[in-house]
Amino acid sequence: EIMSFTQLSKLFYSITESGQHFILKDVNKTRNTHFDPETICNWLHCFSILRNTCAHYGRIYNTILHPKIRLGPKTLRHYPELQPDSLFAYIVALLRFIPDKALISFFRENLIRHIKNYRDDIHLGLLGFPEQWEQLLYDPQLIIADRFHLSKGVIMLFAKANKCALRKEKKRNAHLLFPSKSIYGR
């Protein structure tokens, strides 16, 4: 693991707006889409919070998630049943974020299998799942059309930024490893 979701979220947020546009220009060009930095910052932040909530046994059932995930006004107009503060909306954004169709299928099939296994024990409405949730998970206009992915170049940029940050941190703390002679009066 190069960096956690939280670190990735904070790194992308801290990059200048022109840097964010540079990264997204590559993504948007290869996919013929238009993802804006605010949406990607929001998604990374939301995924980080969801991951941390799940990792630390937080509650997601019958919970309004904060912040609301940005799905775009066009998507929300076309799919009014989507609630941007629900787990289902987070899942939709996550499916858009996954770069590979095979991984999307794997995630979707496992999700559907688990939901069907526990269907009698949970009320899907309390997770923000609309009545036709399964159809929506297969809707290419909702899931695949606006999918975001990090290209290899973008991943390398993040890795390079992380490496630079580590190098700066080492320099900053070098005096702890190699104290100058003047400190000890030698």
By the salt bridge (charged side-chain N to carboxylate O under 4.0 Å, His left out) test, which pairs, at least two apart or in different chains, include something from [range]?
range	answer
residues 34-56	D36-R70, E38-R70
residues 109-118	K116-E134
residues 74-84	none

Quick one: [atom1] on [X] to [atom2] on [Y], what's the gap to the nearest 0.5 Å?
X	Y	atom1	atom2	answer
M3	L11	CE	CG	5.0 Å
E17	C41	CD	SG	9.5 Å
L136	Y79	CG	OH	7.0 Å
R108	L94	CZ	CG	12.5 Å
N110	S105	CG	OG	11.0 Å

Set of residues satisfying side chain to side chain contact (heavy atoms under 4.5 Å, CB included) with respect to [X], sequence neighbours excluded:
X	value
A93	W43, F47, I69, L71
H78	none
L111	I91, F107, I115, L137
T53	I49, I60

State yes or no: do L44 and I2 share one hydrophobic cluster built from I, L, V, M, F, W and Y residues joined by side-chain heavy-atom distances below 4.5 Å, directly or via other members?
yes

Side-chain heavy atoms nearer than 4.5 Å, only ILVMFWY residues, links allowed to pass through others: does that put Y13 and L8 together?
no

Residues 58-69 vs side chain to side chain donor-acceptor pair (under 3.5 Å), sequence neighbours excluded, gives none

Could you tell me which residues satisfy side chain to side chain donor-acceptor pair (under 3.5 Å) with S9, sequence neighbours excluded, listed by chain and number?
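None.
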
Contacts of type side chain to side chain donor-acceptor pair (under 3.5 Å), residue D120, not counting sequence neighbours
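If we apply the side chain to side chain donor-acceptor pair (under 3.5 Å) test to D120, skipping adjacent residues, there are no hits.
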
Taking all non-hydrogen atoms of both residues into account, name the closest pair between [X] and [Y] and its distance.
X	Y	result
L95	I104	O-CD1, 3.6 Å
A89	P84	CB-CA, 3.8 Å
I143	R96	O-CG, 3.4 Å

Pairwise ring pair (Phe, Tyr, Trp, His ring centres under 6.0 Å) hits with a residue in residues 109-134, at least two apart:
F88-F129, F129-W133

Exactly one of N42, I23, L24 should register a side-chain contact (heavy atoms from CB on, under 4.5 Å) with P37. Which one does?
L24

Is the CZ atom of F106 crowded by more than 12 outside heavy atoms at less than 6.0 Å?
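Incorrect, the count does not exceed 12.
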
Distance alone, cut at 3.5 Å: any donor-acceptor contact between the side chains of T6 and S4?
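S4 and T6 do not have a side-chain donor-acceptor pair below 3.5 Å.
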
